[in-house]
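Notes follow once the structure below has been shown.
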Number of protein chains: 2
Amino acid sequence: MSGTREKLLAGALRALAEHGIAGVSARTVAAAAGVNQALVFYHFGSVDELLATACRHGAEQRVAHYRDRLAQVRTLSELLALAWELHAEESAAGHVAVLAQLLAGAQTQPRLVPATATGLGLWVEEIEQVLNRVLAGSPLAEFVDLAGLARAVAAGFVGLELYEGVDRDGAERALAALDQLAGLVTALDELGPVAQRAVRARLRRGGGLGGGL
Amino acid sequence: MSGTREKLLAGALRALAEHGIAGVSARTVAAAAGVNQALVFYHFGSVDELLATACRHGAEQRVAHYRDRLAQVRTLSELLALAWELHAEESAAGHVAVLAQLLAGAQTQPRLVPATATGLGLWVEEIEQVLNRVLAGSPLAEFVDLAGLARAVAAGFVGLELYEGVDRDGAERALAALDQLAGLVTALDELGPVAQRAVRARLRRGGGLGGGL
DNA sequence: GTCTATACATGGATAGAC
DNA sequence: GTCTATCCATGTATAGAC
């Protein structure tokens, strides 16, 4: 058992948050874990393999930490409130930063792709379930692919985290604007049948917007 | 003049796209630029300084490349169509990837913060102007801070780019969902006065959603 | 399983010839 | 301004003692 594996996994996440993907190495991770550098290779074979394992491990922990609270959400307003809460908590603890760094690394390191896809996928899965439950029967679910929306939300969180790192005020304005936009959508969702019918009619005419994809 | 500076700036962007922030070095950049490694330090003093300069330089080029097309946009639908077009072009050319890598690096490298903030800021500025023009007098501008929305859009682009690198299909679903959501908002924007009044009344009651910020 | 020691490669940075 | 050569720090990975 020895716990060294666990120390290394935690150390990898800490080192990623502190030094970024460009600054992690067997030595920095081992230092953060308080163990000998050679043990990285004994237990995981390579630094990348350790990072990949730590990614899955960390994402599982974080998602599990919110599963109960997510399961209790019943309305769109509650979901948005929890989303801001979750963002504040996870961002402050550096967990979003870790995911962002791993995603950046995965862009040019194929060995990191499966792990980061899985890590982000765990969040997507959870968000998707909540959206499906909360928006069941809503006009929103009628016109928007909720699985796609869940993916956009997860990716958006990562982008905002990176933005926050270089412009905190700007990121707060962005969050506030999204809050207002979400309020708008919620209002639409709670409209009376007359107005909803008008929106539906307009949407049936236009369909999506048919962008470049 | 010598053009070596320019070669290095272009080489830095190429190296960032190919090797990521974790893989750039004076040697990889010089190789991409086709010049001697020592010239990085002669012209820029350090690798970080070169990356920072390349970031501003690249962002200016890219924004200038779209300024005309952005200036011609008159409606929200046109804006969204251009947005997807822009995303497809810039993403394919690796320009969004460069910004994402620099943002990731800036999280733990204070020396990169001003340059990346400026680089992303150029995009934000442009987006903000278009939003203000296109949504002037619209109910959307009434309830959503457009400057904040511009920042959210820019950050979202970066997040989607990173997500696309690990899950192309997922990213396409996300974009499609955003397209649908944008269509919904457009529909709202184009509603008749009766429905708009209902939305306004609902919003005045609820205000924003008052999240964790 | 863990430590020390070490090999070997890569990267930042500078000196000095041209 | 550019190139070669080089120093030194850091990083990966392994061997072998404990």
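Here is how names work: the chains are called A, B, and so on, in the same order as the sequence lines, proteins then strands, and each is numbered from 1. We use all heavy atoms of the structure for the numbers below, so side chains are in, but hydrogens, waters and symmetry mates are not. As the structure is a computational prediction, the values presented were derived from the model and not from experiment.
The distance between atom CG of A:Leu8 and atom C1' of C:dG1, rounded to the nearest whole Å, is 12 Å. Whole-Å rounding puts the B:Gln109 CD to C:dG11 C1' distance at 14 Å. Counting to the nearest Å, the P atom of C:dT2 and the CZ atom of A:Arg5 are 11 Å from each other. Rounded to whole Å, atom C1' of C:dG11 lies 14 Å from atom NE2 of B:His19. Rounded to whole Å, the distance from CZ on B:Phe41 to P on C:dT14 is 8 Å. Atom CZ in B:Phe44 sits about 11 Å away from atom P in D:dT2, given to the nearest Å. Look at CD on A:Glu49: it is 11 Å from P on D:dA13, rounded to the nearest Å. Between A:Leu39 atom CG and D:dT14 atom P the separation is 14 Å, expressed in whole Å.
Residue whose closest nucleotide on DNA chain D sits further toward the 5' end, between A:Gly23 and A:Tyr42: A:Gly23.
With sequence neighbours left out, the side-chain contact (heavy atoms from CB on, under 4.5 Å) criterion links A:Ala54 to A:Leu9, A:Ala12, A:Leu13.
The side chain of B:Ser46 places no N or O atom within less than 4.0 Å of a non-bridging phosphate oxygen (OP1 or OP2) of C:dG12.
Among the atoms of the strands shown, only primed sugar atoms or phosphate atoms (P, OP1, OP2) are found under 4.0 Å from some heavy atom of A:Val47.
Checked by atom type and distance alone, the side chain of B:Arg133 pairs as donor or acceptor with a backbone atom of B:Val73 at under 3.5 Å.
Salt bridge status for A:Arg151 with A:Glu128: present, with a side-chain N to carboxylate O gap under 4.0 Å.
Within a 6.0 Å radius of CZ in A:Arg14, other residues, nucleotides and ligands contribute 12 heavy atoms or fewer. Counting non-hydrogen atoms of other residues, nucleotides and ligands closer than 6.0 Å to CZ of B:Arg74 gives a total above 12.
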Polar atom pairs (N or O), protein with nucleotides 4-6 of chain D, under 3.5 Å:
unit_1	atom_1	unit_2	atom_2	d
D:dT4	OP2	B:Asn36	ND2	3.4

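Residue pairs meeting the salt bridge (charged side-chain N to carboxylate O under 4.0 Å, His left out) criterion with at least one partner in residues 86-108 of chain B, sequence neighbours excluded, are B:Arg62-B:Glu90, B:Arg69-B:Glu89.
A:Trp123 and A:Tyr66 have tilted rings, their planes meeting at an angle from 30° to 60° on a 0 to 90° scale.
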